[in-house]
Number of protein chains: 2
Amino acid sequence: MKRARGPSVESLLVKLRQAGVKITPNRRKVLDCFLSAEKPWTLSSLHVTLGKSGDSELSSIYRALEAFRQAGLLEEFRFPGDRQTYFSLIRHADGGQPLAHGDSAHQHHHHHIVCQDCGTVSHLDMCVPAGWMGKVERASGFQITEHHLEFKGICGECR
Amino acid sequence: MKRARGPSVESLLVKLRQAGVKITPNRRKVLDCFLSAEKPWTLSSLHVTLGKSGDSELSSIYRALEAFRQAGLLEEFRFPGDRQTYFSLIRHADGGQPLAHGDSAHQHHHHHIVCQDCGTVSHLDMCVPAGWMGKVERASGFQITEHHLEFKGICGECR
DNA sequence: ATTCTAAATGCAAGTCACTTGCAATTATAT
DNA sequence: ATATAATTGCAAGTGACTTGCATTTAGAAT
């Protein structure tokens, strides 16, 4: 599994401040989860983790996720057949700074891949070829603003 | 929007029979929805449609969808931020016949694109380049068995 | 450091989209 | 025509959020 450099704590806190999001002890703990573990989190997994040590309320975590997402820190995604919503830190192409506005279409140059045996979720630091995206736009007549690509497969361990 | 030829009624009924799925009036109506409308259906949209004319029970439609999916007729997918599960007929690459077993990884050569303004869902009869999928496998160490790609954008009408 | 005020929290209750249990029916094979 | 495994209708249950509201608190302004 590849370890990619994510955004710094400071840049995230600045973003939150700018969005008018207050940093409470609970929210700091939620943020730390995302910073410390190279994996997508769910509302439930955060609640299990933070419930023990930090006894955070489910609804507070929920609202923290919403606030973080609206502030542009998190992206959400799902795997087909899975009821839960996953969240992970948005890692910008330049490794920490936000891209210019309007480039949102290709902002997240990574995707997710989940092992169908052990459930491990791995990041994939590559994106579909830009030229292919152009083909999609021409073929569909749509102007693409977002795309979500998720993989299932069998990881190296399980093979 | 492109109109692609889907599987024939007969081939679908054969598949269901083979899977031990009985064809009841209700299930026939569900199947007809998929055959008549070039769009993904949800449990709820089918219930609204069939509730009026055919007064089908929600749970029966639910179980029909499950049976159809297990028999290999339907695929399910979701759009991030959308709570509902969508279903659409699996349209094989050759336009009606199932592919050889083992080719499931690249069986569904189409994806979906939803307009963020009007909500229209359109099929996209193309798939990521096979060479790129190979790159993904090498980069991740995973053997890919499934991939799901959904787009959001602005359709020709809304632009 | 103290005050102020918009935000966040805890708790409880509500919503939505399924999902299941079970007794009564019914599509199919024989 | 009969047997029987599948399906149905109805009701109840589950999981994952999502919201309302009174109370508390982070962070800005003194």
Side-chain angles (χ1 to χ4, degrees), chain A residues 9-10 12-32 40-71 73-87, chain B residues 9-10 12-32 40-71 73-87:
Chain A
V9 199
E10 295 75 31
L12 296 179
L13 293 177
V14 167
K15 265 190 151 177
L16 289 176
R17 191 92 11 106
Q18 285 175 343
V21 175
K22 290 181 181 172
I23 318 294
T24 63
N26 270 329
R27 292 188 168 186
R28 189 55 216 263
K29 282 183 208 117
V30 171
L31 197 53
D32 284 341
W41 291 87
T42 64
L43 178 56
S44 163
S45 72
L46 285 164
H47 189 218
V48 169
T49 300
L50 297 180
K52 291 176 200 157
S53 51
D55 50 12
S56 305
E57 249 307 293
L58 185 72
S59 62
S60 296
I61 300 174
Y62 168 76
R63 285 185 271 226
L65 289 173
E66 259 306 289
F68 290 4
R69 191 185 59 71
Q70 283 190 26
L73 271 65
L74 299 178
E75 62 174 340
E76 63 177 283
F77 60 95
R78 306 170 104 159
F79 294 106
D82 194 337
R83 291 166 63 146
Q84 289 181 107
T85 299
Y86 290 80
F87 294 84
Chain B
V9 200
E10 296 74 33
L12 296 178
L13 293 178
V14 167
K15 264 189 150 177
L16 290 175
R17 191 91 14 107
Q18 283 173 344
V21 175
K22 290 182 181 172
I23 319 295
T24 63
N26 270 330
R27 293 188 167 185
R28 188 55 215 262
K29 282 184 207 116
V30 171
L31 197 53
D32 284 340
W41 290 88
T42 64
L43 178 57
S44 163
S45 71
L46 284 164
H47 189 218
V48 169
T49 300
L50 297 181
K52 291 176 202 157
S53 52
D55 51 12
S56 304
E57 247 308 292
L58 186 71
S59 62
S60 295
I61 300 174
Y62 168 76
R63 285 185 271 226
L65 289 173
E66 260 305 289
F68 290 3
R69 192 185 60 71
Q70 284 190 25
L73 271 65
L74 299 179
E75 62 175 339
E76 63 177 283
F77 60 95
R78 305 169 104 159
F79 294 105
D82 195 336
R83 292 166 63 147
Q84 290 180 105
T85 299
Y86 291 80
F87 294 84

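Residue numbers begin at 1 in each chain, while the letters A, B, ... track the order of the sequences.
Side-chain atoms of A:Arg78 come within 3.5 Å of backbone atoms of B:Asp82 as a donor-acceptor pair (strictly under, hydrogens ignored).
Residue contacts for B:Arg63: at a heavy-atom cut-off of 4.0 Å it reaches a base atom on one of the strands shown. When heavy atoms are screened at a 4.0 angstrom cut-off, A:Gln84 is found touching the sugar-phosphate backbone but no base atom. Using a 4.0 Å heavy-atom criterion, one finds that B:Thr85 contacts the sugar-phosphate atoms exclusively.
Comparing atom distances between the B:Lys22 side chain and each of D:dC10, D:dC17, D:dT7 picks out D:dT7 as nearest. You'll find that the side chain of B:Arg83 is closest to D:dC17, out of D:dG9, D:dT7, D:dC17.
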Verdict with supporting geometry, B:Phe87 and B:Thr42, side chain to side chain contact (heavy atoms under 4.5 Å, CB included): CA-CA 6 Å; B:Phe87 294 84; B:Thr42 64; 5.9 Å; no
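Contacts between chain A and DNA chain C, taken as any atom within less than 4.0 angstrom of a protein heavy atom, begin and end at C:dA6 to C:dT19.
Across the interface with DNA chain C, nearest-nucleotide mapping of A:Gly20 and B:Val21 shows A:Gly20 to be the residue nearer the 5′ end. Between A:Leu58 and B:Glu57, the residue anchored closer to the 5' end of DNA chain D is B:Glu57, taking for each the nucleotide with the nearest heavy atom.
A:Tyr62 has no side-chain polar atom (N or O) that falls below the 4.0 Å cut-off from OP1 or OP2 of D:dC17. Note on A:Arg28: every side-chain N or O is 4.0 Å or more away from OP1 and OP2 of D:dA26.
In terms of heavy atoms, B:Glu76 sits closest to B:Arg69 at OE2-CD, 3.0 Å.
Not counting sequence neighbours, the partners of B:Ser60 by the side chain to side chain contact (heavy atoms under 4.5 Å, CB included) test are B:Glu57.
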